[in-house]
Amino acid sequence: MTGLSGSGKTTIAKELEKRLRERGLKVEILDGDIVRTNLSKGLGFSKEDRDTNISRIGFVANLLSRNGVVAITAAISPYRSVRDAVREQTERFVEVFVDAPLEVCESRDVKGMYAKARAGEIKGFTGIDDPYEEPLAPEVVCKTAAETVSESASKILAALERGGYIPSSAEQAAAV
Ligand code: ADP
């Protein structure tokens with residue numbers, strides 16, 4: 001998943017995780033905020049460091065997914081080139097654009113970061129004074145200002161089924 005801070009990545013990831021687990025699948029969320037406290041500890045927010053962070057997340061997600069674990073990545077991932085590089089390196093990849101207008105993300109201000117960025121207390125904040133490059137051809141777009149968390153999760157599940165990455169609900173029912 002890619003999208004601005006506060007667009008809804010973590011919220012949708014958790015709902016998706018729940019729904020996939022209900023289907024008996026193994027799931028791991030690689031959340032940007034959490035990854036930055038361990039796997040990417042010490043990295044900052046320059047373009048280079050952000051790209052390194054996303055490459056690492058992509059690397060681990062690929063290891064998980066090729067061993068049958070659904071890996072959900074929820075980091076801003078602002079740069080198109082590294083997202084596309086991860087796509088190339090990953091056998092099974094679905095890009096989800098969690099798309100909410102900046103004004104909406106800012107009004108949610110889940111972590112109080114936008115207020116700090118506007119006050120100049122945080123420099124290089126995505127969407128304020130750092131770029132966000134929208135995906136050009138994402139498999140799924142979740143418009144979180146207009147749809148519910150449940151609707152967004154359903155769209156992603158449907159895309160996973162369409163791609164043959166997870167069994168469809170019909171196949172699952174038949175197997176029981
Ligand atoms: P991110 O992980 O992208 O930074 P979060 O998931 O932490 O974003 O925050 C998104 C906020 O928006 C949460 O407070 C969530 O409850 C709220 N929200 C409102 N509507 C939606 C929606 N349709 N989808 C996802 N989040 C939503």
Side-chain angles (χ1 to χ4, degrees), residues 1-23 25 27-37 40 45 47 50-51 53-54 57-58 61 70-87 90 92-163 165-166 168-169:
M1 291 195 242
T2 171
L4 294 172
S5 178
S7 58
K9 301 178 297 297
T10 303
T11 307
I12 296 169
K14 286 184 177 157
E15 173 67 15
L16 188 60
E17 176 188 39
K18 183 169 136 275
R19 306 261 290 266
L20 288 164
R21 288 229 167 102
E22 281 166 5
R23 294 179 178 213
L25 294 162
V27 189
E28 211 46 77
I29 298 177
L30 295 163
D31 190 276
D33 293 338
I34 298 166
V35 166
R36 278 183 173 280
T37 66
S40 287
F45 292 87
K47 179 176 188 303
R50 287 175 186 270
D51 283 351
N53 182 41
I54 298 310
I57 292 174
V70 184
I72 307 172
T73 70
I76 299 172
S77 328
Y79 294 109
R80 195 174 290 136
S81 59
V82 72
R83 292 196 305 262
D84 290 345
V86 171
R87 177 191 283 276
T90 309
R92 292 178 290 176
F93 181 92
V94 173
E95 186 174 39
V96 178
F97 178 23
V98 182
D99 182 15
L102 177 65
E103 308 78 69
V104 172
C105 297
E106 199 167 351
S107 70
R108 289 175 179 162
D109 209 2
V110 190
K111 295 155 224 153
M113 306 275 267
Y114 282 100
K116 286 190 180 155
R118 287 287 184 199
E121 289 165 32
I122 301 174
K123 301 272 183 230
F125 195 74
T126 303
I128 304 295
D129 56 352
D130 221 45
Y132 178 76
E133 300 173 354
E134 296 193 354
L136 299 176
E139 278 78 6
V140 186
V141 180
C142 297
K143 298 261 182 195
T144 65
E147 62 194 51
T148 64
V149 179
S150 175
E151 283 166 345
S152 296
S154 297
K155 278 162 81 168
I156 300 168
L157 280 172
L160 294 174
E161 288 184 1
R162 263 199 314 278
Y165 303 125
I166 60 169
S168 71
S169 5

A.B. asks: Salt-bridged, E151 to K155, with N to O below 4.0 Å?
C.D. replies: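 Here E151 does not pair with K155 in a salt bridge, since their nearest N and O are not under 4.0 Å apart.
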A.B. asks: Provide the closest heavy-atom pair for R19 versus S154 in the form atom of the first, atom of the second, distance.
C.D. replies: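 Reported closest heavy-atom pair: NH2-OG, 2.6 Å.
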A.B. asks: Between V94 and Y165, is there a side-chain heavy-atom distance shorter than 4.5 Å?
C.D. replies: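 Yes, side chains in contact.
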A.B. asks: How long is the straight-line distance from CG of L160 back to CG of L16, given to the nearest 0.5 Å?
C.D. replies: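 It comes to 6.5 Å.
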A.B. asks: Give me each pair satisfying salt bridge (charged side-chain N to carboxylate O under 4.0 Å, His left out) with a member in residues 123-137, each pair once, sequence neighbours excluded.
C.D. replies: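 As it turns out, the salt bridge (charged side-chain N to carboxylate O under 4.0 Å, His left out) pairs with a partner in residues 123-137, which skip direct neighbours, are R50-D130.
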A.B. asks: One pair to check against side chain to side chain contact (heavy atoms under 4.5 Å, CB included): T11 and V110. What are the steps and the verdict?
C.D. replies: CA-CA 11 Å; T11 307; V110 190; over 6 Å; no
A.B. asks: Just by modelled atom types, is the M113 backbone N or O under 3.5 Å from a matching donor or acceptor in the D109 side chain?
C.D. replies: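 Indeed, once roles are kept as given, a pair shorter than 3.5 Å links the two residues.
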A.B. asks: Would you say the side-chain atoms of S152 and E147 include a donor-acceptor pair closer than 3.5 Å?
C.D. replies: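 Result is yes, a qualifying pair exists.
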A.B. asks: Measure the spacing between NZ of K9 and CG of D31 and express it to the nearest 0.5 Å.
C.D. replies: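 The NZ atom of K9 sits 8.0 Å away from the CG atom of D31.
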A.B. asks: Can you name the closest pair of heavy atoms from L102 and G127 and give their distance?
C.D. replies: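 The pair with the smallest heavy-atom distance is CD2-O, 3.4 Å.
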A.B. asks: My understanding is that only residues two or more places apart in sequence, or in another chain, count here; which of them pass ring pair (Phe, Tyr, Trp, His ring centres under 6.0 Å) with F45?
C.D. replies: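 None.
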A.B. asks: Just how far is it from atom CZ of R80 to atom CG of L136, taken to the nearest 0.5 Å?
C.D. replies: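 Result: 4.0 Å between the selected atoms.
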A.B. asks: State the OG-CG distance between S77 and L4, to the nearest 0.5 angstrom.
C.D. replies: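 Atom-to-atom, S77:OG and L4:CG are 11.0 Å apart.
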A.B. asks: Considering all heavy atoms of both residues, which atom of T2 and which atom of P135 are nearest to each other, and what is their separation?
C.D. replies: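 Heavy-atom minimum between the residues: CG2-CG, 3.7 Å.
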A.B. asks: Would you compute the distance between atom CZ of R83 and atom CG of D51 and round it to the nearest 0.5 angstrom?
C.D. replies: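 One finds 10.0 Å between CZ of R83 and CG of D51.
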A.B. asks: What verdict does the side chain to side chain contact (heavy atoms under 4.5 Å, CB included) test give for I76 and S5, after you've listed the backbone C-alpha separation in whole Å, the side-chain angles of each residue and the deciding distance to 0.1 Å?
C.D. replies: CA-CA 6 Å; I76 299 172; S5 178; 4.2 Å; yes
A.B. asks: If only atom types and distance count, is the side chain of T144 paired as donor or acceptor with the main-chain N or O of S7 below 3.5 Å?
C.D. replies: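 Checking the backbone N and O of S7 against the side chain of T144, a donor-acceptor pair under 3.5 Å is found.
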A.B. asks: Does N53 use its side chain to pair, donor to acceptor, with the backbone of S40 at less than 3.5 Å?
C.D. replies: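 Pair absent, no side-chain N/O of N53 close to backbone of S40.
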A.B. asks: If you measure from the Lys or Arg side-chain nitrogens to the Asp or Glu carboxylate oxygens, is any gap between R162 and E139 under 4.0 Å?
C.D. replies: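 No, R162 and E139 are not salt-bridged.
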A.B. asks: Which atom pair, heavy atoms only, marks the closest approach of T37 to D33?
C.D. replies: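 Closest pair (atom of T37, atom of D33, distance): CG2-O, 3.5 Å.
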A.B. asks: With F93, which residues qualify under ring pair (Phe, Tyr, Trp, His ring centres under 6.0 Å), at least two apart?
C.D. replies: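 By the ring pair (Phe, Tyr, Trp, His ring centres under 6.0 Å) rule, F93 matches no residue at all.
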A.B. asks: Looking at CD of E17 and CD1 of I12, how far apart are the two atoms once the value is rounded to the nearest 0.5 Å?
C.D. replies: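 Going from the CD atom of E17 to the CD1 atom of I12 covers 14.0 Å.
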A.B. asks: When you measure from the side chain of T90 to the backbone of R87, do you find a donor-acceptor pair of N or O atoms at a distance under 3.5 Å?
C.D. replies: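 Not a single qualifying donor-acceptor pair exists.
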A.B. asks: Show, in sequence, the C-alpha distance, side-chain angles and deciding distance for L157 and I166, and conclude whether the side chain to side chain contact (heavy atoms under 4.5 Å, CB included) test is met.
C.D. replies: CA-CA 8 Å; L157 280 172; I166 60 169; 4.0 Å; yes
A.B. asks: For residues Y132 and P78, report the shortest heavy-atom separation together with the two atoms involved.
C.D. replies: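 Heavy atoms of Y132 and P78 come nearest at CD1-CA, 3.7 Å.
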A.B. asks: Validate the cation-pi geometry between K116 and F125: distance from NZ or CZ to the six-membered ring centre under 6.0 Å, angle to the ring axis within 45°.
C.D. replies: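 No, K116 does not sit over the ring of F125.
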A.B. asks: Please find the pair of heavy atoms, one from A145 and one from V104, that lie closest to each other, and give the distance.
C.D. replies: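 Shortest heavy-atom contact: CB-CG2, 4.1 Å.
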